[in-house]
Amino acid sequence: MADDDFPEGPARDALSVADRLAAEALIVDVDGFEGPLDLLLTLARRQKVDLRAISVLQLARQYLLFVERARQLRLELAADYLVMAAWLAFLKSRLLLPPDPEEEVSAEDLAAHLAFQLERLEAMRKAAAQLMARDQLGRDVFARGQPEERGHTRRVTYTASLLDLMQGYARLRTREDFRPFVMDRVDVFTMEEALARLRPLMGATVEWTDLVAFLPEEWRGHPKRRRSATASTFAATLELAKRGGLELRQDDMFGPIRIRARA
Amino acid sequence: MTDSLFEAPPEGEQERMVEALLFASAAPLTVGELHARLPHGCDAPRALERLARRYEGRGVRLMRVGDAWAFRTAADLAFLMTRETVETRKLSRAAIETLAIVAYHQPVTRAEIEEIRGVSVSKGTIEQLMELDWIRLGKRRQTPGRPVTFVVTRAFLDHFGLESPRDLPGLKELRAAGLLESTPPPDAAPEEEEAPQEDLFAPPPPEG
Amino acid sequence: MTDSLFEAPPEGEQERMVEALLFASAAPLTVGELHARLPHGCDAPRALERLARRYEGRGVRLMRVGDAWAFRTAADLAFLMTRETVETRKLSRAAIETLAIVAYHQPVTRAEIEEIRGVSVSKGTIEQLMELDWIRLGKRRQTPGRPVTFVVTRAFLDHFGLESPRDLPGLKELRAAGLLESTPPPDAAPEEEEAPQEDLFAPPPPEG
């Protein structure tokens, strides 16, 4: 099957030109496609054969060409188009190679499934069209225009649909998701705290001193607390440096950050 | 009888047409209105006459209402229609939310419902749901005060077409169906311990 | 009406009663609903059968809608009814296809719909179809994750004039062609791993 579908020489070039033109026409309204399968179905229809007789190899080539052209035009293609392209490229290579007896699933099986998917999608499209073409209530067929309600027993009953219920619940849950965000402050050393701690210490810091030395003792042990204290102390030194109270230096990347009071 | 230049539909057809028009119309139709809708050349009075005869003695009668015509159920069968006047109203939002909480969280106490809804639950709401036979009392919770719990009923499941409360769609499915608009943190896992991850040590907002 | 409680009305009367009840209601009535309203001892199915025959070929027809019945105007007279037409919301192509897939493949999971369409079901599509009351939740699939399924409703059948889902156009041919089977892809196909829909709410939380 693979060989038959791979035209050689000039025939192949002619096909490519046709493919190119087709692809260009398609690119214009790429947004009109509902996903890669839809695009594949459209390309398949161009082969003008029964979907069961489709050449998956040719289809894969057309699809890849399409994606290639879209890229050249710098069109953004959604990720699933690219996933499909990758898969089709894989399938194409498998179809062209002699079958590997080691492989559990043959390339032909994969191709057949793709053809099945296309056929099924097209079948559902047709079914949908047939369904919508039926006589519809309120358009072609009508219910009683004047339902009669008589009698005098008036009983009120309440009703709700499952959708109401689900929407109600969704509403509640969504509200929870949106509750104002409150930072868990147990392990957070704020910059205010860091500033308050640094200021009195700075005056005595004439020598270059590692930033770490300024972390409060009780914030050095636990990694989480240590990270928070380091971050806020660093931010505080930046703030003080900005105000001209101290100098910072870091001799190499990821090296210790050292500070001293400005002379 | 007077066949006009163009073929008027046969009498039987005209009768069918008038029958369908009167059935579907939301208000009685006059002969003039019928003629306006029927194909050219129809004889509405004649069709009405035939129709009236056809429905004689049936459960439905062709009645004259002023100068217009309408189908009405036979007066002697009015006793059957009395049940028609059950008035159905939409359940209030409070009741729907309360019901949803009971369904999703049962057995659930009143205090828990209030915690989830964030407002107090009026007595009337619970009573209404119990009267509808959609919720009932479950076992008492074995906690201080032994509060009563609420669960949904068989009638609830029937009304909403559910086999069991487990058939209610989960949060993920609600979201998948587009009913939940927000995208909360992955899996909305509320575990406190793991919440602040590595990146959370981002510095607090710089002061101005 | 001085009928004895235990003596059913004669057949002709029963037919009139069913005729009146169905005529009075815009929505289809089930046999159960008819029995609930008819005097004790009535045979609604028998009366329906007689009525259906009586209305054969008329401008108004007795239609079966799932397990319910309703009078509807004959479809061939649609051309007369243009004035009654209510403008219906135009459905998107995605919604129409999704609806068809639910109808032909029901009960069907969301993942299966997406498998067939090769694209994810957009937000709101399912909700729109549920709002129209054309699809509803079916039983959960007894597979890992217990995903919810969707099925079509009686309102769907009523809208499209179908007696049952078995009467969908082309159903037999599609089934014969194997196009309604959910054939899993041979493995190595990367796109469709059925995401196990985890049920966040399976067990109700133990306590608040």
Side-chain angles (χ1 to χ4, degrees), chain A residues 33-41 52 78 80 83-84 86-87 90-91 94 103-107 109-110 112-114 116-150 161-163 166-167 169, chain C residues 20 22-27 61 63 70-75 77-78 81 84-86 88 91 93-94 96-101 103-105 115-120 127 130-131 133 136-137 155 158-162 168-171 173-174 177-180 183 185-191:
Chain A
F33 290 103
E34 298 207 3
L37 213 52
D38 187 25
L39 169 58
L40 275 170
L41 185 55
R52 281 164 195 255
D80 39 346
V83 170
M84 177 62 88
W87 186 75
F90 159 77
L91 178 61
R94 293 257 326 252
E103 298 278 3
E104 266 180 39
V105 184
S106 74
D109 285 348
L110 295 177
H113 184 73
L114 180 62
F116 166 77
Q117 278 182 295
L118 293 176
E119 195 187 352
R120 184 174 58 181
L121 179 60
E122 175 152 277
M124 290 327 295
R125 294 259 162 92
K126 281 188 184 145
Q130 277 181 297
L131 191 62
M132 298 316 281
R134 285 186 68 84
D135 294 322
Q136 294 185 36
L137 188 66
R139 192 188 76 183
D140 310 295
V141 166
F142 293 84
R144 182 78 171 116
Q146 235 183 333
E148 288 172 69
E149 291 183 8
R150 285 196 230 171
S161 70
L162 188 57
L163 189 63
M166 284 154 46
Q167 280 169 335
Y169 193 66
Chain C
L22 289 178
F23 233 85
S25 167
R61 318 289 296 273
M63 308 284 282
F71 279 117
R72 297 285 180 253
T73 59
L77 300 178
M81 306 293 180
E84 310 289 339
T85 307
V86 191
T88 46
L91 285 178
R93 175 172 153 191
I96 291 170
E97 282 182 19
T98 302
L99 178 65
I101 291 168
Y104 282 81
H105 290 261
E115 222 277 298
I116 293 170
R117 294 198 63 227
V119 70
S120 62
E127 189 183 11
M130 288 182 90
E131 246 166 31
D133 193 23
R136 63 175 177 83
L137 293 173
D158 193 16
H159 187 92
F160 292 99
L162 296 161
L168 285 163
L171 186 73
E173 294 78 358
L174 289 171
L179 291 171
L180 299 185
T183 314
D187 52 326
E191 352 93 85

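For clarity, every value in this text was computed on a predicted model and none was experimentally measured. Below, read A as the first sequence line, B as the second, and so on, with proteins coming before strands; counting in each chain starts at 1. Heavy-atom basis, side chains included; hydrogens, waters and symmetry copies ignored.
- Contact of C:Leu168 with chain A is made through the side chain alone, with heavy-atom distances under 4.5 Å.
- Between C:Leu137 and A:Met166 the shortest side-chain heavy-atom distance falls below 4.5 Å.
- Within the model, atoms CZ of A:Arg120 and NE2 of C:His105 stand 6.5 Å from one another, a figure rounded to the nearest 0.5 Å.
- With a threshold of 4.5 angstrom between heavy atoms, C:Ala20 does not approach chain A through any atom at all.
- Contacts between A:Arg134 and chain C at a heavy-atom distance below 4.5 Å involve the side chain alone, from C-beta outward.
- At a threshold of 4.5 Å between non-hydrogen side-chain atoms, the residues A:Met124 and C:Tyr104 count as touching.
- Of the listed residues A:Ala123, A:Gly35, A:Ala127, A:Gly145, the one with more heavy-atom pairs under 4.5 angstrom with chain C than any other is A:Ala127.
- Scanning all heavy atoms of the two residues, the minimum distance from A:Asp140 to C:Ala78 falls at O-CB, 3.3 Å.
- Options A:Leu131, A:Leu91, A:Leu40, A:Leu162 differ in how many heavy-atom pairs under 4.5 Å they form with chain C, and the most are formed by A:Leu131.
- Minimum interatomic distance between C:Met81 and A:Phe142 (heavy atoms only, all atoms of both residues): CB-CE1, 3.0 Å.
- Highest contact tally toward chain A, considering only C:Thr73, C:Asp158, C:Val119, is held by C:Thr73 [criterion: heavy-atom pairs under 4.5 Å].
- Of the atoms belonging to C:Ala27, not a single heavy atom falls under 4.5 Å from chain A.
- To the nearest 0.5 Å, atoms OG (A:Ser161) and CE (C:Met130) are separated by 8.0 Å.
- When all heavy atoms of A:Leu163 and C:Glu131 are compared, the pair lying nearest together is CD2-CG, 3.7 Å.
- A distance-only check finds a donor-acceptor pair linking the side chain of A:Arg144 to the backbone of C:Phe23 [under 3.5 Å].
- Nearest heavy atom pair, residue C:Arg72 against residue A:Val141, reads CB-CG1, 3.5 Å.
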query: Can A:Met132 and C:Leu91 be said to form a side-chain contact (heavy atoms from CB on, under 4.5 Å), step by step?
result: CA-CA 10 Å; A:Met132 298 316 281; C:Leu91 285 178; 4.3 Å; yes

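- Residues C:Gly118 and A:Pro36 come closest through the heavy atom pair O-CD, 4.0 Å.
- A salt bridge between A:Asp38 and C:Arg93 is present, with a side-chain N of the basic residue lying under 4.0 Å from a carboxylate O of the acidic one.
- Proximity to chain A (any heavy atom under 4.5 Å) is shown, for C:Phe160, by both the backbone and the side chain.
- Contact of C:Ala70 with chain A is not made at all, since no heavy-atom distance falls under 4.5 Å.
- In plain terms, the two heavy atoms of C:Ala26 and A:Ala143 that are nearest each other are O-CB, 3.8 Å.
- Your options are C:Leu162, C:Ile101, C:Leu180, C:Leu174, and the one with the most heavy-atom pairs under 4.5 Å with chain A is C:Leu162.
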